[in-house]
S.K.: 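Please find one structure pasted underneath; my questions will follow.
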Protein chains: 2
Amino acid sequence: MLKLTKKADYGLIAMRHLAENSDLGACSSKDLADLYSIPQEALAKILQKLVKAKLLASQQGTNGGYVLARDPRLISALEVIRAIEGPLFITSCSSAKGDCSQSDRCTVREPLRKVNRTIEEVLSKLTVWELTESPEQSPVELVTLQQ
Amino acid sequence: MLKLTKKADYGLIAMRHLAENSDLGACSSKDLADLYSIPQEALAKILQKLVKAKLLASQQGTNGGYVLARDPRLISALEVIRAIEGPLFITSCSSAKGDCSQSDRCTVREPLRKVNRTIEEVLSKLTVWELTESPEQSPVELVTLQQ
DNA sequence: AAATCTCCGACTTATTTAGTCGCATATTGA
DNA sequence: TCAATATGCGACTAAATAAGTCGGAGATTT
C-alpha cells in the first residue's frame with residue numbers, strides 16, 4: 001500500500017520531539033512513550049536502532065535518556081526511516097537478488113526505480129528540523145482531505 | 001517498507017504489455033499470466049479491477065480478452081496503482097478517521113502528507129506509454145545498484 | 001451445443017508488522 | 001556501596017495484511 005510502518009512514524013515523532021526540546025537535556029524512552037501513547041518496549045527498540053545509526057546518543061543510568069547526535073537541520077527523514085526500516089524500495093521484487101520468479105520478465109522495474117529515486121530525494125531533503133516547523137493540523141481538515 | 005504490492009506490479013506489467021501490443025487485438029488473462037509467470041486467478045482479479053476503473057475494456061467469449069480503454073499516453077501509473085490498491089498514504093495512520101490512538105498527538109503527519117503529494121505527482125506524470133519506452137535492464141546492473 | 005473466456009465471492013496460506021516479556025548491563029544518587 | 005533507574009538485546013506471541021486458491025455463474029464465438 002506504499003506506506004510507512006508505525007515504527008517509522010514513532011521514530012520520526014521521537015526525533016521531532018527531541019529536536020524541539022533539545023534544551024531540556026536527555027529524554028527517556030519512557031517519557032517519550034507516555035507523551036505520545038506509544039508502547040514503551042517498542043519505542044525503546046526503535047530508539048536503539050537510531051543510536052546504532054548514530055542519529056541519537058544515549059545516556060544510561062538515572063536521569064539518562066536520548067539526545068540528538070547532530071543538529072536536526074542535518075538529519076533527514078530518509079536517514080531516520082532507513083535506520084528503522086532498512087533500505088526502501090517501491091518495487092516489491094527488488095529487495096533481494098533472485099527472490100522474484102518474474103525477475104527476468106519484469107518490464108516495469110526500471111521505470112519504477114526512477115520513481116523510487118525521486119521519493120528518496122524528497123525524503124532526503126526533508127529534515128527533522130523542518131518537522132518541528134509544521135503546524136498542528138486539525139482532525140477536521142484531515143478527514144475532508146481524505147475524500 | 002514503502003513498497004508497492006505484487007498486485008500493483010502485476011497490473012503495471014499487464015498494462016505495459018497491452019500498450020506495447022495493442023495492434024494484436026485483445027489479450028486474455030491466461031496469455032498474460034503465462035507470459036509473465038503470474039498466477040492466473042490472481043491476475044484475472046487484478047484485470048477485473050482495472051476494467052471497473054475503466055482503464056481496460058474486456059471482451060468475453062472465445063478469443064476474448066482485454067484491451068486498453070484509452071490511449072496509453074493518457075493513463076498514468078497512479079491511476080493503475082490506485083485502481084488496484086486503493087488510495088495510497090505514506091503515513092500509517094491516515095487511512096481511516098479515528099483508527100489511530102496517537103492521532104491527536106501525531107506531530108509528523110502534516111509534513112509527511114506533503115511528501116505523499118509529491119509521490120502522487122510523480123506517479124501521475126508517469127504514463128503507461130512511458131513504461132514501454134524504458135529499456136530492459138540487465139540483472140547484473142540491478143544487483144550492483146542495490147548495495 | 002460446446003468451447004472459451006470473463007466475472008465474482010469466499011476461502012486458505014504465507015508473510016509482515018506490532019507489541020510483549022525477561023534478563024543483562026550501565027550509571028546515577030542517596 | 002547499594003538500590004533505583006535507565007538502556008541494550010533477543011526471543012516470543014498476536015494481529016494485520018498480502019498472496020494465492022477454489023468453485024461456480026454468466027457471456028460470446030465457432
Side-chain angles (χ1 to χ4, degrees), chain A residues 1-11 13-14 18 25-34 36-54 56-67 69 81 84-86 88-89 91-93 95-96 99-102, chain B residues 1-11 14 18 25-34 36-53 56-67 69 81 84-86 88-89 91-93 95-96 99-102:
Chain A
M1 269 260 256
L2 192 63
K3 66 182 180 188
L4 296 176
T5 63
K6 281 195 178 181
K7 291 182 184 178
D9 273 356
Y10 293 162
I13 291 173
L18 292 173
C27 187
S28 74
S29 66
K30 185 177 183 308
D31 289 345
L32 281 170
D34 288 347
Y36 298 100
S37 307
I38 301 171
Q40 289 179 33
E41 289 88 357
L43 180 60
K45 282 202 297 190
I46 293 165
L47 296 175
Q48 285 156 29
K49 280 187 183 177
L50 293 174
V51 170
K52 267 195 178 173
K54 311 221 171 168
L56 288 182
S58 68
Q59 178 143 19
Q60 291 189 323
T62 311
N63 293 326
Y66 297 90
V67 288
I81 293 169
I84 296 168
E85 310 210 31
L88 50 88
F89 290 113
T91 49
S92 61
C93 53
S95 49
D99 69 336
C100 181
S101 57
Q102 288 91 22
Chain B
M1 266 258 256
L2 193 63
K3 67 182 179 186
L4 296 176
T5 63
K6 282 195 178 180
K7 292 181 185 180
D9 272 355
Y10 293 162
L18 293 174
C27 188
S28 74
S29 66
K30 186 178 183 307
D31 289 345
L32 282 169
D34 288 347
Y36 298 100
S37 307
I38 302 171
Q40 289 180 34
E41 291 87 356
L43 180 60
K45 283 205 294 193
I46 293 166
L47 296 175
Q48 285 156 29
K49 281 188 182 175
L50 293 174
V51 170
K52 267 195 180 171
L56 289 182
S58 69
Q59 177 144 19
Q60 292 190 326
T62 311
N63 292 325
Y66 297 89
V67 287
I81 293 168
I84 297 169
E85 309 210 31
L88 48 88
F89 292 112
T91 49
S92 61
C93 53
S95 48
D99 69 335
C100 180
S101 56
Q102 287 91 23

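In what follows, chains are A, B, ... by sequence order, proteins preceding strands, each numbered from 1. Heavy-atom basis, side chains included; hydrogens, waters and symmetry copies ignored.
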S.K.: Verify the contact: side-chain N or O of Tyr10(A) to OP1 or OP2 of dG19(C), cut-off strictly under 4.0 Å; return yes or no.
M.R.: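 Yes, within the criterion.
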S.K.: In this structure, how many angstroms lie between the P atom of dG8(D) and the CD atom of Gln40(A), rounded?
M.R.: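 Gln40(A) atom CD is separated from dG8(D) atom P by 15 Å.
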S.K.: Measure the shortest side-chain to side-chain distance between Leu47(A) and Leu32(A) over non-hydrogen atoms and say whether it is less than 4.5 angstrom.
M.R.: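 Counting from C-beta outward, Leu47(A) and Leu32(A) do come under 4.5 Å.
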S.K.: Measuring only between side-chain heavy atoms, which start at C-beta, is Cys27(A) closer than 4.5 Å to Tyr66(A)?
M.R.: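 No; the side chains remain at least 4.5 Å from each other.
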S.K.: Rounded to whole Å, please give me the gap between OH in Tyr36(A) and P in dA18(C).
M.R.: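 Rounded to the whole Å, the gap is 19 Å.
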S.K.: What one-letter contact string describes nucleotides 1-6 of chain D from 5' to 3', where B marks a base within less than 4.0 Å of any protein heavy atom, S marks contact via sugar-phosphate atoms alone, and - marks no contact?
M.R.: ---BBS
S.K.: Kindly indicate whether the side chain of Val67(B), heavy atoms from C-beta on, has any atom under 4.5 Å from the side chain of Leu18(B).
M.R.: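 No; the side chains remain at least 4.5 Å from each other.
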S.K.: Would you kindly give the CD1-to-C1' distance between Ile46(B) and dT6(C), to the nearest whole Å?
M.R.: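 After rounding, the gap between these two atoms is 15 Å.
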S.K.: Measure the distance from NZ on Lys6(A) to P on dA15(D) and round it to the nearest whole Å.
M.R.: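 Checked: the NZ to P distance equals 14 Å.
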S.K.: Pick the closest DNA chain C nucleotide for Ala44(B) and for Ala42(A) by heavy atoms, then say which residue is nearer the 5' end.
M.R.: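 The residue mapped nearer the 5' terminus is Ala44(B).
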S.K.: Please report the distance, rounded to the nearest Å, between CD1 in Ile38(B) and C1' in dA18(D).
M.R.: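 Those two atoms, CD1 and C1', are 16 Å apart.
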S.K.: Kindly give the heavy-atom pair with the smallest separation between Lys49(B) and Ile84(B), and that separation in Å.
M.R.: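 Taking Lys49(B) first and Ile84(B) second, the nearest heavy atoms are NZ-O, 3.4 Å.
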S.K.: What heavy-atom pair brings Ile46(A) and Gly11(A) nearest, and what distance separates the two atoms?
M.R.: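 Smallest heavy-atom distance, with atoms named: CG2-CA, 3.9 Å.
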S.K.: Taking 4.0 Å as the cut-off, does a side-chain nitrogen or oxygen of Thr5(A) come that near to OP1 or OP2 on dT16(C)?
M.R.: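 False: Thr5(A) side-chain N/O out of range (4.0 Å or more) of dT16(C) OP1/OP2.
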S.K.: Specify the closest pair of heavy atoms between Ala33(B) and Leu43(B), including all atoms of both residues, with the distance to one decimal.
M.R.: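 Heavy atoms of Ala33(B) and Leu43(B) come nearest at N-CD2, 3.5 Å.
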S.K.: Could you state the atom-to-atom distance from CD of Gln48(B) to C1' of dG26(D) in whole Å?
M.R.: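 Result: 12 Å.
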S.K.: Detail all sub-3.5 Å separations between protein N/O atoms and N/O atoms belonging to nucleotides 10-14 of chain D.
M.R.:
| from | atom 1 | to | atom 2 | distance (Å) |
| --- | --- | --- | --- | --- |
| dA11(D) | N6 | Lys45(A) | NZ | 3.0 |

S.K.: Tell me whether Glu85(B) contacts the main-chain N or O of Thr5(B) through its side chain, where contact means a donor paired with an acceptor under 3.5 Å.
M.R.: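 Yes.
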